[in-house]
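Just so we're clear, the structure is a prediction, and the values are computed from it rather than from any experiment. When a residue number appears, it is its place in the shown sequence, counting from 1.
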Amino acid sequence: MDWKLILRLSLFGLAMAVATVSLIPPSFEPYCWLAIFVVCAFFIARSRAGKLFLHGFFVSIFNCVWITSAHILFATTYLAHHPGEAEMMNSMPVTPALMMAMTGPVVGVLSGLVLGLFAFVAGKFVKPGSPRAPSVR
C-alpha cells in the first residue's frame, strides 16, 4: 500500500471538509465529489500497478475522517448552511454531533466502495507510469 499517495489524495477530502461547512451548497456537493473521484482514480491508476481498489477505498476512509471531524467541529455552522440535514438531525433522538459520528463512517465505507471501483476501472485504461501530457514550450 502506498500510504503517501493515499494521504496526499485524501487532501481533496480535507478541502471538501472545510468547503462543505459553509461554501459549497448541498446541491452542488455531489458534482464536486464526482470530479474528485475521477481525479483520484486517475492518479491511483497512474501511480500503482496493483491494489487499485484498496487504494481508492482507503482514500475515502481518510476522507471520511477529515469530513466527519470538520462537520462535528463546525456543527453549528454546517447545520446553518444545510437546513435539510439540520431538520433530519433534529428529529433524531441523539445529538447532531453523535449522529454525524455514527453516519460518517458508513458514508466513508460506501464512498470507499465507489472510489475503489473507479480506481479499478481507471486501471483498465491508464497504465502505471503513463507519460504525462506533453508540455508546450
Side-chain angles (χ1 to χ4, degrees):
M1 296 297 294
D2 187 345
W3 295 106
K4 192 174 181 180
L5 173 67
I6 290 168
L7 183 61
R8 282 183 184 162
L9 292 176
S10 81
L11 293 178
F12 283 118
L14 178 58
M16 281 294 287
V18 173
T20 57
V21 169
S22 61
L23 299 175
I24 297 176
S27 60
F28 189 66
E29 188 176 346
Y31 301 108
C32 294
W33 281 115
L34 179 61
I36 288 170
F37 279 19
V38 169
V39 169
C40 286
F42 170 78
F43 281 111
I44 291 168
R46 198 183 80 189
S47 302
R48 307 301 320 153
K51 299 183 181 176
L52 300 175
F53 180 87
L54 283 176
H55 280 83
F57 182 81
F58 280 114
V59 168
S60 283
I61 295 301
F62 277 58
N63 286 346
C64 158
V65 172
W66 296 126
I67 293 162
T68 302
S69 298
H71 289 181
I72 290 172
L73 285 170
F74 304 108
T76 304
T77 305
Y78 176 80
L79 293 173
H81 289 90
H82 296 79
E85 286 86 342
E87 184 180 327
M88 178 186 67
M89 287 188 194
N90 288 332
S91 68
M92 298 292 173
V94 296
T95 65
L98 181 58
M99 190 65 180
M100 290 176 190
M102 292 185 320
T103 58
V106 173
V107 173
V109 168
L110 294 175
S111 65
L113 296 173
V114 173
L115 182 51
L117 181 62
F118 275 37
F120 177 79
V121 170
K124 302 296 182 193
F125 299 99
V126 178
K127 297 302 170 203
S130 295
R132 297 180 184 185
S135 60
V136 178
R137 294 183 191 224

Between D2, L9, V126, which is the residue that forms a side-chain contact (heavy atoms from CB on, under 4.5 Å) with I44? L9
Hey, what's the ring geometry for F37 with F118, parallel, tilted or perpendicular (30° and 60° as the breaks)? perpendicular
If you draw a 6.0 Å radius around CZ in F53, do more than 12 non-hydrogen atoms from other residues or ligands fall strictly inside? yes
Does the side chain of M99 come within less than 4.5 Å of T103's, by heavy atoms? yes
Hey, could you give me each pair passing ring-ring contact (aromatic ring centres under 6.0 Å, His included) that has a residue in residues 11-32? Not counting sequence neighbours. none
Without hydrogens or angle criteria, can the side chains of T20 and H82 be said to hold a donor-acceptor pair below 3.5 Å? no
Flag yes if V59 and L7 sit in one hydrophobic cluster, no otherwise; membership is Ile, Leu, Val, Met, Phe, Trp, Tyr, and two members link when side-chain heavy atoms are under 4.5 Å apart. yes
Straight-line distance of L52 CG to S47 OG, nearest 0.5 Å: 10.0 Å
Exercise: identify the closest heavy-atom pair between G104 and C64: O-SG, 3.3 Å
To the nearest 0.5 angstrom, please state how far the NZ atom of K51 sits from the CE atom of M1. 7.0 Å
Cluster question for you: counting only ILVMFWY and a side-chain heavy-atom cut-off of under 4.5 Å, with indirect links fine, are V107 and M88 together? no
Hydrophobic cluster identity match, L115 and L5, side-chain contacts under 4.5 Å: yes
Please name the pair of heavy atoms, one in H71 and one in V21, separated by the smallest distance, quoted to 0.1 Å. CD2-CG2, 4.1 Å
Find out whether E29 and M16 are in side-chain contact, i.e. whether some heavy atom of one side chain is under 4.5 Å from a heavy atom of the other. yes
Shortest non-hydrogen contact from M100 toward A75: CE-CB, 4.2 Å
Ignoring hydrogens and geometry, is there a side-chain-to-backbone donor-acceptor pair from K127 to G123 under 3.5 Å? yes
Could you give the distance from CZ (F43) to CZ (R48), rounded to the nearest 0.5 Å? 15.0 Å
If you group Ile, Leu, Val, Met, Phe, Trp and Tyr by side-chain heavy-atom gaps below 4.5 Å, do F74 and V65 land in one group? no
Between H81 and the options P25, P26, S22, the side-chain contact (heavy atoms from CB on, under 4.5 Å) test singles out S22
Does S60 reach the main-chain N or O of F57 with its side chain, forming a donor-acceptor pair under 3.5 Å? no
Quick check: does any side chain N or O of W66 sit under 3.5 Å from a backbone N or O of L11, one acting as donor and the other as acceptor? no
I'd like to know if the side chain of W33 pairs up with that of S111 as donor and acceptor (distance under 3.5 Å, no hydrogens or angles considered). no
Same apolar cluster: I24 and I67, side chain cutoff 4.5 Å: yes
